[in-house]
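Here the structure is a predicted model, which is why all the values come from computation and not from measurement.
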Amino acid sequence: MIDWVLLRTGARPVPSPLATPLVWAAASGGALVLVALLNVLIGPDRPSPALAALSLLSVLLGLCARFTAAPGTAVLCWLFLNGFAVPPAGTLTWAGHRDAFWLACLFTAAVVGTALARLVHARAAYRRLTTDIGGPTQTESS
């Protein structure tokens, strides 16, 4: 016998992502902490480790965010990178190719994190649904 059950009544097959403002708040706070920590540990004149750390932060935030949060996450991380990891500290500048590359790296990291999360969640949901449908069958014994 087939029982029709709405997917929303049971466990959700794919977890819903966090709200975009919450992700942006985490990006602001996380970027501030990372840049401040890196400035204390290695100095403010080395933006490459800061870019790597902020890219990793973007990937981690992308794991629990929507695709629409990626541009804002990248811009917020870039603001802290440009404003506090590159001398003179506290001054935003635009250095053409360098800043465009940094924005592209941060945006790509956020999108990769989001896409990776969506693929992992979709695969897990597919496995849950297919094992429920094609699970072990009971044989009738006479």
Side-chain angles (χ1 to χ4, degrees), residues 1-140:
M1 173 177 213
I2 298 175
D3 289 328
W4 293 99
V5 179
L6 294 175
L7 290 177
R8 291 194 182 262
T9 60
R12 289 185 54 112
V14 177
S16 59
L18 294 177
T20 301
L22 185 61
V23 173
W24 288 346
S28 296
L32 176 65
V33 168
L34 276 175
V35 170
L37 185 66
L38 288 172
N39 281 346
V40 168
L41 294 177
I42 62 174
D45 296 336
R46 301 185 54 198
S48 296
L51 177 63
L54 290 174
S55 294
L56 182 62
L57 176 68
S58 294
V59 168
L60 292 175
L61 289 173
L63 291 175
C64 57
R66 291 180 167 85
F67 280 109
T68 56
T73 302
V75 168
L76 287 168
C77 289
W78 173 81
L79 285 172
F80 283 99
L81 175 66
N82 192 356
F84 299 108
V86 178
T91 304
L92 288 176
T93 59
W94 181 261
H97 296 295
R98 179 193 73 184
D99 288 322
F101 175 72
W102 286 353
L103 276 169
C105 285
L106 293 167
F107 177 72
T108 302
V111 168
V112 164
T114 306
L116 181 66
R118 297 297 153 253
L119 288 174
V120 167
H121 291 313
R123 183 179 170 120
Y126 175 75
R127 284 187 175 181
R128 281 194 304 265
L129 290 175
T130 55
T131 57
D132 287 345
I133 294 170
T137 58
Q138 297 178 353
T139 58
E140 293 183 27

>> Testing the basics here: between Val23 and Ala69, what is the closest heavy-atom pair and its distance to 0.1 Å?
In response: CG1-CB, 4.3 Å
>> Within the supplied structure, the quantity of interest is the number of heavy atoms (other residues, nucleotides, ligands) at a distance under 6.0 Å from Phe101 CZ; does it exceed 12?
In response: no
> Do you know the tightest heavy-atom contact between Trp94 and Asp99?
Replying inline: CA-OD2, 3.2 Å
> Do you know the tightest heavy-atom contact between Leu63 and Gly113?
Replying inline: CD2-O, 3.3 Å
> Looking at CG of Leu54 and OG1 of Thr73, how far apart are the two atoms once the value is rounded to the nearest 0.5 Å?
Replying inline: 11.5 Å
> Quick one: CZ on Phe84 to CG on Leu92, what's the gap to the nearest 0.5 Å?
Replying inline: 7.5 Å
>> Can you give me the closest heavy-atom contact between Pro17 and Arg66, atom names plus distance?
In response: CG-CG, 3.5 Å
>> Would the distance check show the side chain of Asn39 and the main-chain N or O of Ala85 forming a donor-acceptor pair, the cut-off being under 3.5 Å?
In response: no
> Hey, is CZ on Arg98 packed in by over 12 heavy atoms from elsewhere, all under 6.0 Å?
Replying inline: yes
> Going from CH2 on Trp102 to OG on Ser48, what distance comes out if it is rounded to the nearest 0.5 angstrom?
Replying inline: 7.5 Å
>> Can you tell me how far apart CG (Leu22) and CG (Leu61) are? Round to the nearest 0.5 Å.
In response: 9.5 Å
> Which heavy atom of Ala50 sits nearest a heavy atom of Leu81, and at what distance?
Replying inline: CB-CD1, 3.6 Å
> Checking side chain to side chain contact (heavy atoms under 4.5 Å, CB included) against Cys77, which of Val35, Leu51, Leu106, Leu103 comes through?
Replying inline: Leu106
>> Looking at every non-hydrogen atom in both residues, tell me the closest pair between Pro87 and Asp45 and how far apart they are.
In response: CG-OD1, 3.0 Å
